[in-house]
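Structure first, then comments.
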Protein chains: 2
Amino acid sequence: MKAAHILDAAEDLLTRYGYRRVTVDEVARGAGVGKGTVYLYWPSKRELFAAVLTRDAARLLSDQLTAMLTDPAEVLPHRSMRWTYLAIMDRPLAKALYTGDSALLGDLTTASRSGALFAAGKRETTDRYLSVLHGHGLLSDEPGALLSYRLSAAVAGSFHLDGTPDTAEFGLTAKADALATTVRRAFEPAEDPAPAAVRDAAADMADVYRQWLAELTRSLPREQS
Amino acid sequence: MKAAHILDAAEDLLTRYGYRRVTVDEVARGAGVGKGTVYLYWPSKRELFAAVLTRDAARLLSDQLTAMLTDPAEVLPHRSMRWTYLAIMDRPLAKALYTGDSALLGDLTTASRSGALFAAGKRETTDRYLSVLHGHGLLSDEPGALLSYRLSAAVAGSFHLDGTPDTAEFGLTAKADALATTVRRAFEPAEDPAPAAVRDAAADMADVYRQWLAELTRSLPREQS
DNA sequence: AACTGACCAATTTGGTACTCGGGTCAGTAT
DNA sequence: ATACTGACCCGAGTACCAAATTGGTCAGTT
């Protein structure tokens, strides 16, 4: 319970003022605990706020899992990337993380133990994702490190171009659709996928997501009611 | 003559030490002229170095024009983007500009009169590029602002991902090939293009490029004597 | 055993003196 | 007259120090 309250306070202050301007004492008072208590759960300010980002990512992942269980077609790359893009842009912290907004996160993006773990988990999950898709004939290429890179590169631009002037004229969904079009053509076979393949792939990915979700949750401090 | 020498000195110092660490006086002495002379050609330090970047861009564009005249297939999006990617990564200044290396360029990227002109010219050229391609049946979509955005987004990621750790394992050409694959599938028709269409499109684009090249050259100070 | 907040060291901040470098222009050279 | 120069000006940035703040600890309280 207490750890979650501390994370709540930290998340609120982080989104409002940014990493640099928030003190650990403020977080503690915001959560109604003493400063020392914070250090019973996390070894440093940096790790505390990294945990905030991790929890945010876990929630996003959980939402995506739900979406995929509701509609298995969400497992397809163009749908998955579209959904992820919109979800990230809708969350202040995730957006700051992906667009590299250092005004909000300071140097939090670079190097924290849990940050590195998160990056590794994400990479591994992406690899598994591509393997699953390929296993059900939903990919137009062989999986591998290069394909992972190619997908990352194709998607990354959408986030990086976020701030630039004349891209603001388009709505968020228009940009999401653009990303979906690019991803579908560049990574999926031309012909429509077989419904059974989609269903099975979604089921496989649900397991992968659950696994990563468990891993992320485990990295957050254990609740001690 | 003199303006070119000043640009030479400025370019050399810029690539070696970065915008912040180079003084106008150094540039002047490097070019063998007085500091005041520099201000006969450019109104400010910022515009001087913006001109360095503009000249670099003009050279790159000129090279690309040559490449396209040698092999008209270079007009195709996947070839054009691949070539551009490699050319930019090969030039320290262009690379710094596109990967957002503020250590080298400082705040030079943001807002300088000629910088804005360059961005506008680039946008317009991209639009014309897409129109030309479409006119010869080499595009799978209708041109327009959204398609321009989609292409930018698809390409931008390759530059933005440059610094990140585990992308270094791949060679530059492997990354360029990855970009080419994505672009070809996402923007070009599935069937191979007709040689005549390619030849004609290349001829059209040669004109567009020459026009932009002339514009860029005109923005550089007029040579006297 | 869980938690706290006074305490310490280290970093950050605020203020000040001073250097340095962008930009100007009276003057020199041609 | 024209092309060019470099000494000069002044504001932005740097260096520096004292004061304030804050990340992190731990003896002590609940």
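Only heavy atoms go into these numbers, but all of them, side chains included; no hydrogens, no water, no symmetry mates. Letters go in sequence order (proteins before strands), and every chain restarts at 1.
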Using a 4.0 Å heavy-atom cut-off, does B:V27 contact any base of the nucleic acid, only the sugar-phosphate backbone, or nothing at all?
nothing
To the nearest angstrom, how far is A:Y19 atom OH from C:dT12 atom P?
11 Å
List in chain and number order the residues that pass side chain to side chain donor-acceptor pair (under 3.5 Å) with B:T37, two or more places apart in sequence or in another chain; answer none if no residue qualifies.
none
Under the rule for ring pair (Phe, Tyr, Trp, His ring centres under 6.0 Å), what residues qualify as partners of B:F187, not counting sequence neighbours?
none
Please write out each protein N/O paired with an N/O of nucleotides 10-15 of chain D under 3.5 Å, distance rounded to 0.1 Å.
from: D:dT14; atom 1: OP1; to: B:R20; atom 2: NH2; distance (Å): 2.6

Just call it for B:V22: base, sugar-phosphate, or nothing, with non-hydrogen atoms closer than 4.0 Å on any strand.
sugar-phosphate
With sequence neighbours excluded, tell me which residues meet side-chain contact (heavy atoms from CB on, under 4.5 Å) with A:H160.
B:H160
Could you tell me how far apart B:Y17 (OH) and C:dG21 (C1') are, to the nearest whole angstrom?
17 Å
List in chain and number order the residues that pass side chain to side chain donor-acceptor pair (under 3.5 Å) with A:T84, two or more places apart in sequence or in another chain; answer none if no residue qualifies.
A:Q64
Atom NE2 of B:H5 and atom P of D:dC4: how far apart are they, to the nearest Å?
13 Å
If the condition is side-chain contact (heavy atoms from CB on, under 4.5 Å), which residues does B:R210 pass it with, not counting sequence neighbours?
B:L65, B:L69, B:A206, B:D207
Residues which pass side-chain contact (heavy atoms from CB on, under 4.5 Å) with A:R29, listed by chain and number, not counting sequence neighbours:
A:D25, A:E26
For A:K95, give me all partners under side chain to side chain donor-acceptor pair (under 3.5 Å), at least two apart in sequence or on another chain.
none
Check: A:R150/B:T182 side-chain N/O donor and acceptor closer than 3.5 Å
yes
Enumerate the protein-to-nucleotides 23-29 of chain C contacts in which both atoms are nitrogen or oxygen and the separation is below 3.5 Å.
from: C:dG23; atom 1: OP2; to: B:Y39; atom 2: OH; distance (Å): 3.1
from: C:dG23; atom 1: OP2; to: B:K45; atom 2: N; distance (Å): 2.7
from: C:dG23; atom 1: N7; to: B:K35; atom 2: NZ; distance (Å): 3.0
from: C:dG23; atom 1: O6; to: B:K35; atom 2: NZ; distance (Å): 2.4

Nearest whole Å is fine: how far is D:dT21 C1' from A:R29 CZ?
13 Å
Tell me if a side-chain donor or acceptor on A:Y85 pairs with a main-chain N or O of A:F159 at a distance below 3.5 Å.
no
Nearest whole angstrom, please: distance from the P of D:dC9 to the CG of B:D25.
17 Å
Between A:Y41 and C:dC3, does any side-chain N or O lie under 4.0 Å from OP1 or OP2?
yes
Distances under 3.5 Å only, N/O to N/O: pair up the protein atoms with those of nucleotides 27-30 of chain D.
none

How long is the line joining CD of B:E26 and C1' of C:dC20, in whole Å?
12 Å
Toward the 5' end of DNA chain D, which comes first, B:G32 or A:T37, by nearest nucleotide?
B:G32
Could you pull out all residues at least two apart from B:Y39 that satisfy ring pair (Phe, Tyr, Trp, His ring centres under 6.0 Å)?
none
Can you name the side-chain contact (heavy atoms from CB on, under 4.5 Å) partners of A:A156, sequence neighbours left out?
B:L161
If I take atom CH2 in residue A:W42 and atom P in nucleotide C:dC3, what distance separates them, rounded to the nearest angstrom?
12 Å
